[in-house]
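Note sheet for the following structure.
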Amino acid sequence: EAGEIHSRLLDHRPVIQGEIRYFIKEFEEKRGLRELRVLENLKNTTFETNEHILPKCEQAMHDNLHETFKRLQAVNDRIRRFQEKEHEEKKADKLRAGDGKRMAQWETFMKDQESKRAEVDEEHRKAVQRLKEQYAHMEKELAKYVSF
């Protein structure tokens, strides 16, 4: 009798087994094969996706990426040409700015040369004047000796 009391109070296996059987019975009756049908539908959907839709998507993606790559290359080429043109324009602007500086330097140089030429001309004029005076003086001196 103690064993029976012990098994009724402490041994829960019969109760748990009964609950498990009840749960399985309820699960099968209420849900039936619904989960099996859902899993079968998922399997069919996955198969169709892998066999039909995925290759179409890959092909469309490949075509679109190829076209996009071509467009990107064309845009890249245009940008490169634009940058080259801009670079050439900057070079030309720098050359024009350099030309302006050189023209200003040339004008300054020419003014300096003009003033130096004027100085040299003045020195030459003075030298010529001194020589004329010297020769005039020499002629007078010579004229004194010629009268003898």
Side-chain angles (χ1 to χ4, degrees), residues 9-148:
L9 290 176
L10 300 174
D11 190 12
H12 300 294
R13 279 182 278 167
V15 174
I16 291 173
Q17 286 176 356
E19 287 296 318
I20 290 172
R21 278 191 227 114
Y22 176 74
F23 177 78
I24 291 173
K25 181 180 170 191
E26 284 293 314
F27 185 81
E28 288 176 351
E29 285 178 3
K30 288 185 179 178
R31 296 191 181 180
L33 300 175
R34 188 174 356 155
E35 281 77 19
L36 186 60
R37 284 191 301 266
V38 168
L39 289 174
E40 187 67 31
N41 287 340
L42 285 174
K43 182 182 123 189
N44 290 339
T45 303
T46 304
F47 178 77
E48 179 151 341
T49 301
N50 286 339
E51 293 296 319
H52 302 289
I53 296 172
L54 188 61
K56 288 179 185 176
C57 289
E58 285 178 350
Q59 184 61 37
M61 182 180 69
H62 178 70
D63 293 344
N64 289 336
L65 284 177
H66 187 68
E67 182 65 28
T68 303
F69 183 71
K70 284 182 179 178
R71 287 181 182 175
L72 284 174
Q73 282 181 329
V75 168
N76 194 20
D77 289 342
R78 284 187 209 140
I79 289 172
R80 184 183 45 77
R81 285 193 302 268
F82 180 73
Q83 285 176 337
E84 287 174 358
K85 183 178 177 183
E86 188 175 283
H87 181 69
E88 292 298 322
E89 288 175 2
K90 285 182 180 179
K91 257 183 164 177
D93 289 345
K94 285 181 181 178
L95 288 175
R96 278 187 232 119
D99 286 347
K101 288 178 184 177
R102 281 189 289 282
M103 289 300 290
Q105 289 172 347
W106 180 256
E107 288 175 10
T108 304
F109 173 76
M110 290 305 291
K111 286 178 184 177
D112 290 344
Q113 292 301 313
E114 184 67 29
S115 64
K116 287 178 183 178
R117 185 184 62 82
E119 288 175 14
V120 168
D121 285 348
E122 183 63 27
E123 287 178 21
H124 181 263
R125 188 187 63 74
K126 287 179 182 178
V128 167
Q129 185 63 30
R130 273 184 275 139
L131 286 174
K132 280 184 181 179
E133 289 173 4
Q134 183 181 1
Y135 282 121
H137 179 53
M138 288 170 75
E139 277 184 26
K140 284 181 187 179
E141 290 291 321
L142 190 60
K144 288 181 190 177
Y145 295 114
V146 170
S147 54
F148 288 110

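None of the values given here were measured: they were computed from a predicted structure. Residue indices begin at 1 and follow the sequence shown. All heavy atoms count here, side chains included; hydrogens, waters and symmetry mates do not.
Checked for salt-bridge contact, Glu84 and Arg81 miss the test: no charged N lies under 4.0 Å from a carboxylate O. Under a 4.0 Å N-O distance rule, the pair Arg102/Asp99 qualifies as a salt bridge. Look at Glu114 and Arg117 and you find a salt bridge, because one of the NZ, NE, NH1 or NH2 atoms lies within 4.0 Å of a carboxylate O, short of that distance. Ionic pairing of Lys70 and Glu67 is not present here: no N-O contact between side-chain nitrogen and carboxylate oxygen is shorter than 4.0 angstrom.
Contact check for Lys90 versus Glu86: side-chain heavy atoms found under the 4.5 Å cut-off. Looking only at side-chain heavy atoms (C-beta outward), Leu131 and Gln134 come within less than 4.5 Å of each other. The closest side-chain heavy-atom distance from Asp93 to Arg96 is below 4.5 Å. You'll find the side chain of Phe109 stays beyond 4.5 Å of the side chain of Gln105, heavy atoms only.
Note that the OG1 atom of Thr46 and the CG atom of Leu54 stand 11.5 Å from one another [nearest 0.5 Å]. Once rounded to the nearest 0.5 Å, the distance linking OG1 of Thr45 with CD of Glu40 reads 10.0 Å. One finds the CD1 atom of Ile53 at 7.5 Å from the NZ atom of Lys56 (value rounded to the nearest 0.5 Å). Taking CD from Glu133 and NZ from Lys126, the interatomic distance works out to 12.0 Å, rounded to the nearest 0.5 Å. With rounding to the nearest 0.5 angstrom, the CD atom of Glu88 is 9.5 Å from the CG atom of Leu95. With rounding to the nearest 0.5 Å, the separation of NE2 in His52 from SG in Cys57 is 13.0 Å.
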**Message:** If you apply the rule salt bridge (Lys or Arg N to Asp or Glu O under 4.0 Å), what do you find for Lys144 with Glu141, and how did you get there?
**Reply:** CA-CA 5 Å; Lys144 288 181 190 177; Glu141 290 291 321; 3.6 Å; yes
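Within a 6.0 Å sphere centred on CZ of Arg71, heavy atoms belonging to other residues, nucleotides or ligands number 12 at most.
Asn44 and Glu48 are not linked by any side-chain donor-acceptor pair at a separation below 3.5 angstrom, with hydrogens and angles left out of the test.
Of the candidates Arg125, Arg130, His124, Val128 forms a side-chain contact (heavy atoms from CB on, under 4.5 Å) with just one, namely His124.
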